[in-house]
Amino acid sequence: NEVRQQLNGVFDSIDDIHVWNLCEHIIVATLHVKEKPDLTLSELDNKRALAEEILKRRFNVTHVTIQFESSKTHDHNF
(Lines give C-alpha, C1' and ligand atoms only; values in the text may rest on other atoms or scores of the structure.)
Protein backbone atom coordinates (compact mmCIF):
# COMPACT_ATOMS: atom_id res chain seq x y z
CA ASN A 1 0.00 0.00 0.00
CA GLU A 2 2.85 2.40 0.76
CA VAL A 3 4.41 1.79 -2.67
CA ARG A 4 1.05 2.39 -4.34
CA GLN A 5 0.59 5.64 -2.40
CA GLN A 6 4.00 6.91 -3.51
CA LEU A 7 3.29 6.12 -7.17
CA ASN A 8 -0.36 7.26 -7.36
CA GLY A 9 0.77 10.76 -8.31
CA VAL A 10 2.86 9.42 -11.20
CA PHE A 11 0.40 7.15 -13.05
CA ASP A 12 -3.29 7.44 -13.97
CA SER A 13 -4.11 3.99 -12.61
CA ILE A 14 -2.01 1.22 -11.09
CA ASP A 15 -3.59 -2.21 -11.56
CA ASP A 16 -0.93 -4.39 -10.03
CA ILE A 17 2.28 -4.02 -8.02
CA HIS A 18 4.70 -6.71 -6.88
CA VAL A 19 7.85 -6.00 -4.88
CA TRP A 20 10.20 -8.73 -3.66
CA ASN A 21 13.77 -9.47 -2.66
CA LEU A 22 15.81 -11.73 -4.91
CA CYS A 23 18.56 -11.61 -2.34
CA GLU A 24 19.83 -9.29 0.36
CA HIS A 25 21.01 -6.68 -2.16
CA ILE A 26 18.48 -6.99 -5.00
CA ILE A 27 14.91 -5.72 -4.68
CA VAL A 28 12.66 -6.03 -7.73
CA ALA A 29 9.39 -4.27 -8.52
CA THR A 30 6.91 -4.94 -11.31
CA LEU A 31 3.96 -2.68 -12.10
CA HIS A 32 1.03 -2.89 -14.48
CA VAL A 33 -0.34 0.61 -15.13
CA LYS A 34 -2.97 2.20 -17.33
CA GLU A 35 -2.31 5.54 -18.98
CA LYS A 36 -4.05 7.92 -21.35
CA PRO A 37 -3.85 6.65 -24.94
CA ASP A 38 -2.59 9.99 -26.28
CA LEU A 39 0.63 10.11 -24.22
CA THR A 40 3.84 10.04 -26.25
CA LEU A 41 6.63 7.54 -25.68
CA SER A 42 8.70 10.37 -24.29
CA GLU A 43 6.00 11.23 -21.74
CA LEU A 44 5.69 7.57 -20.73
CA ASP A 45 9.46 7.35 -20.42
CA ASN A 46 9.48 10.39 -18.11
CA LYS A 47 6.85 8.72 -15.92
CA ARG A 48 8.88 5.50 -15.89
CA ALA A 49 12.03 7.37 -14.84
CA LEU A 50 10.19 9.21 -12.08
CA ALA A 51 8.70 5.94 -10.77
CA GLU A 52 12.13 4.28 -10.81
CA GLU A 53 13.61 7.20 -8.87
CA ILE A 54 10.86 7.07 -6.24
CA LEU A 55 11.20 3.30 -5.86
CA LYS A 56 14.99 3.53 -5.59
CA ARG A 57 15.04 6.44 -3.15
CA ARG A 58 12.12 5.39 -0.90
CA PHE A 59 12.28 1.58 -1.05
CA ASN A 60 15.81 0.70 -2.26
CA VAL A 61 14.40 -1.05 -5.34
CA THR A 62 17.23 -1.99 -7.70
CA HIS A 63 15.23 -3.20 -10.74
CA VAL A 64 11.85 -2.02 -12.06
CA THR A 65 9.68 -3.38 -14.86
CA ILE A 66 6.59 -1.40 -15.86
CA GLN A 67 3.95 -2.70 -18.24
CA PHE A 68 1.94 0.14 -19.77
CA GLU A 69 -1.60 -0.27 -21.06
CA SER A 70 -3.92 2.29 -22.59
CA SER A 71 -6.87 3.26 -20.43
CA LYS A 72 -8.95 3.49 -23.61
CA THR A 73 -10.90 0.38 -24.61
CA HIS A 74 -9.72 -0.73 -28.03
CA ASP A 75 -11.93 -2.10 -30.75
CA HIS A 76 -10.04 -4.99 -32.33
CA ASN A 77 -12.31 -5.41 -35.36
CA PHE A 78 -10.00 -4.98 -38.34
Side-chain angles (χ1 to χ4, degrees):
N1 287 336
E2 190 176 343
V3 172
R4 184 180 297 274
Q5 286 177 334
Q6 291 295 316
L7 296 177
N8 272 339
V10 177
F11 301 111
D12 277 1
S13 173
I14 302 171
D15 286 341
D16 202 20
I17 299 173
H18 295 279
V19 180
W20 69 97
N21 290 48
L22 286 180
C23 67
E24 183 176 323
H25 303 288
I26 300 175
I27 302 173
V28 177
T30 60
L31 294 85
H32 183 204
V33 301
K34 289 185 179 178
E35 280 294 336
K36 295 175 188 78
D38 59 342
L39 288 179
T40 65
L41 287 176
S42 179
E43 290 169 321
L44 290 174
D45 195 47
N46 289 339
K47 287 183 174 235
R48 178 205 48 79
L50 179 56
E52 286 180 355
E53 181 61 30
I54 290 168
L55 290 168
K56 179 180 179 181
R57 187 177 61 243
R58 299 272 310 182
F59 304 101
N60 297 317
V61 172
T62 55
H63 180 80
V64 179
T65 299
I66 302 173
Q67 179 180 344
F68 289 101
E69 180 178 305
S70 171
S71 58
K72 180 179 177 182
T73 304
H74 295 285
D75 182 10
H76 294 292
N77 296 327
F78 296 100

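Residue numbers run from 1 in the order of the sequence given.
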Inset, instruction - Could I get the full list of side chain to side chain contact (heavy atoms under 4.5 Å, CB included) partners for Glu69, not counting sequence neighbours? - result: His32, Lys34

Quick one: do [X] and [Y] end up in the same hydrophobic cluster if we chain Ile, Leu, Val, Met, Phe, Trp and Tyr together by side-chain heavy atoms under 4.5 Å apart?
X: Ile54; Y: Leu44; answer: yes
X: Leu55; Y: Ile26; answer: no
X: Ile17; Y: Val33; answer: yes

Legend entry - Heavy-atom neighbours of Leu41 CG exceed 12 at 6.0 Å: no

For residues [X] and [Y], report the shortest heavy-atom separation together with the two atoms involved.
X: Ile66; Y: Ala51; result: CD1-CB, 4.1 Å
X: His63; Y: Val61; result: O-CG1, 3.4 Å
X: Val10; Y: Glu35; result: O-OE2, 4.0 Å

Inset, instruction - Please test Arg4 against Leu7 for side chain to side chain contact (heavy atoms under 4.5 Å, CB included), starting from the C-alpha separation and ending with a verdict. - result: CA-CA 5 Å; Arg4 184 180 297 274; Leu7 296 177; over 6 Å; no

Inset, instruction - Would you check if Leu39 and Phe68 make a side-chain contact, meaning some heavy-atom pair closer than 4.5 Å? - result: no

Inset, instruction - Could you check Thr62 against His25 for side chain to side chain contact (heavy atoms under 4.5 Å, CB included), going step by step and ending with a plain yes or no? - result: CA-CA 8 Å; Thr62 55; His25 303 288; over 6 Å; no

Inset, instruction - Look at Arg48 together with Glu52 and state whether they make a salt bridge at an N to O cut-off of under 4.0 Å. - result: yes

Inset, instruction - Begin with the C-alpha distance, continue with both residues' side-chain angles, and end with the deciding distance and a verdict on side chain to side chain contact (heavy atoms under 4.5 Å, CB included) for Val3 and Phe59. - result: CA-CA 8 Å; Val3 172; Phe59 304 101; 3.9 Å; yes

Legend entry - Sequence neighbours excluded, every pair satisfying salt bridge (Lys or Arg N to Asp or Glu O under 4.0 Å) that has a member inside residues 17-26: none

